[in-house]
Q: 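Before I ask anything, here is the structure I am working with.
Hydrogens, waters and symmetry mates are skipped; everything else that's a heavy atom, side chains included, is used. Here the structure is a predicted model, which is why all the values come from computation and not from measurement.
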Amino acid sequence: MLELGRAAYDAVLDHARADAPREACGALLGRRDGDRVVAEAVRRVPNVADAPRITYELDPEATLAVFDEAEATGREVVGFYHSHPAGPAKLSDTDREQASWPGYVYVLASLAARPPILDAWTWTGERFEPLAVSLAD
């Protein structure tokens, strides 16, 4: 299960809306508590993909800075997010092919859905396994 704080949930959607029609992307900071992943904060990471309207690539230097921040503040990077400004509310073939962080949560914000949808999966290294998402205050 992924537990998203309300501020983190709102931050992902705000970033997705702000970057549209480009795909927004970033990292989730928080903690792991058994089978539950708690995302307490969101850090925007620039999308450096060659075609940012249809794919995303996390800026490597900014991503490393987020890992450094997490370590310095006693948190950990628990996952990543990106948006589909006009695409489906499911992971694309490209998302599956480029997944590279086994054990981390991948959140997708779909702006095409009304209201917008946030869904989550864990990448096992071979496939995505769906995660239930709950909102916390």
Side-chain angles (χ1 to χ4, degrees):
M1 167 185 278
L2 171 64
E3 183 178 300
L4 272 172
R6 174 56 73 175
Y9 175 88
D10 290 341
V12 169
L13 287 177
D14 289 347
H15 186 199
R17 289 180 185 113
D19 277 17
R22 297 168 45 105
E23 291 193 9
C25 56
L28 305 170
L29 282 79
R31 58 189 163 79
R32 296 176 191 278
D33 184 12
D35 289 339
R36 187 175 68 140
V37 176
V38 180
E40 301 162 337
V42 170
R43 295 297 178 261
R44 294 180 179 194
V45 174
N47 181 352
V48 296
D50 290 336
R53 287 179 176 233
I54 58 171
T55 191
Y56 77 101
E57 180 183 341
L58 296 162
D59 178 273
E61 287 185 31
T63 303
L64 181 58
V66 172
F67 274 90
D68 289 344
E69 175 194 347
E71 184 177 339
T73 60
R75 292 180 172 159
E76 63 180 298
V77 174
V78 295
F80 305 94
Y81 70 90
H82 78 283
S83 65
H84 284 179
K90 64 179 185 172
L91 295 172
S92 68
D93 290 340
T94 301
D95 294 335
R96 294 176 200 290
E97 291 164 7
Q98 294 181 350
S100 58
W101 295 88
Y104 285 81
V105 172
Y106 281 69
V107 169
L108 173 63
S110 174
L111 298 181
R114 294 291 179 245
I117 296 172
L118 284 187
D119 283 320
W121 297 265
T122 299
W123 175 242
T124 68
E126 295 178 11
R127 67 186 172 283
F128 282 103
E129 294 184 352
L131 285 177
V133 178
S134 69
L135 293 180
D137 292 329

Q: Ignoring hydrogens, what is the shortest heavy-atom contact between A27 and V77? Give both atom names and the distance.
A: CB-CG1, 4.4 Å

Q: Could you tell me if the side chain of V37 sits less than 4.5 Å from the side chain of E3, heavy atoms only?
A: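 A side-chain contact under 4.5 Å is absent here.
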
Q: If you count the non-hydrogen atoms of other residues, nucleotides and ligands that lie under 6.0 Å from CZ in R32, is the total more than 12?
A: yes

Q: So, D33 and R36, do they make that salt bridge, N to O below 4.0 Å?
A: yes

Q: Within the 4.5 Å heavy-atom criterion, are H84 and E23 side-chain neighbours or not?
A: yes

Q: Is it true that, when you exclude D68 itself, more than 12 heavy atoms of the residues, nucleotides or ligands shown sit nearer than 6.0 Å to its CG?
A: yes

Q: Could you measure the distance from the OG1 atom of T55 to the CG atom of D95? Nearest 0.5 Å is fine.
A: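 T55 OG1 to D95 CG: 6.5 Å, rounded to 0.5 Å.
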
Q: For Y9 and P116, work out which heavy atoms get closest and say how close.
A: OH-O, 4.3 Å

Q: Starting at CG of D119, measure out to OG of S110 and round the result to the nearest 0.5 Å.
A: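 Separation between the atoms: 8.5 Å.
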
Q: Of all the heavy-atom pairs spanning L135 and R6, show the shortest one and how long it is.
A: CD1-NH2, 3.3 Å

Q: Could you check whether any side-chain N or O of R75 sits under 3.5 Å from a backbone N or O of A72, counting only pairs where one atom can act as donor and the other as acceptor?
A: no

Q: Starting at CG of D14, measure out to CZ of R44 and round the result to the nearest 0.5 Å.
A: 7.0 Å

Q: If hydrophobic clusters are built by linking Ile, Leu, Val, Met, Phe, Trp and Tyr wherever their side-chain heavy atoms come under 4.5 Å apart, do V66 and Y106 end up in the same one?
A: yes

Q: Spell out, yes or no, whether V107 and V42 are grouped together once hydrophobic residues are joined by side-chain heavy atoms under 4.5 Å, including indirect joins.
A: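 Yes, same cluster.
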
Q: W101 and ring pair (Phe, Tyr, Trp, His ring centres under 6.0 Å): which partner among Y81, F80, W121, F128?
A: F80

Q: Taking all atoms of both residues into account, what is the closest heavy-atom pair of A24 and A16, and its distance?
A: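 In terms of heavy atoms, the two residues are closest at CB-CA, 3.8 Å.
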
Q: If you measure from CZ on R22 to OH on Y56, what distance do you get to the nearest 0.5 Å?
A: 14.5 Å

Q: Ignoring hydrogens and geometry, is there a side-chain-to-backbone donor-acceptor pair from T73 to E69 under 3.5 Å?
A: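 It does hold such a pair.
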
Q: Backbone N or O of E57 within a donor-acceptor pair of the N47 side chain at under 3.5 Å?
A: yes

Q: Side chains of L108 and L118, heavy atoms from C-beta outward: is any pair under 4.5 Å?
A: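 No. Closest side-chain heavy atoms not under 4.5 Å.
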
Q: V105, V12: one ILVMFWY side-chain cluster at the under-4.5 Å cut-off?
A: yes

Q: Is there a path of hydrophobic side-chain contacts, each under 4.5 Å between heavy atoms of I, L, V, M, F, W or Y residues, that connects Y104 with L91?
A: yes

Q: Specify the closest pair of heavy atoms between P46 and A62, including all atoms of both residues, with the distance to one decimal.
A: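 For P46 versus A62, the nearest heavy atoms are CD-CB, 3.7 Å.
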
Q: Measuring from L2:CG to L131:CG, what's the distance to the nearest 0.5 Å?
A: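 One finds 6.5 Å between CG of L2 and CG of L131.
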
Q: Are M1 and S134 packed together at the side-chain level, in the sense that at least one heavy-atom pair is separated by less than 4.5 angstrom?
A: yes

Q: Can F67 be reached from V78 by stepping across I, L, V, M, F, W or Y side chains whose heavy atoms are under 4.5 Å apart?
A: no

Q: Using every non-hydrogen atom in the two residues, find where A39 and L4 come nearest and quote the distance to one decimal.
A: CB-CD2, 3.6 Å

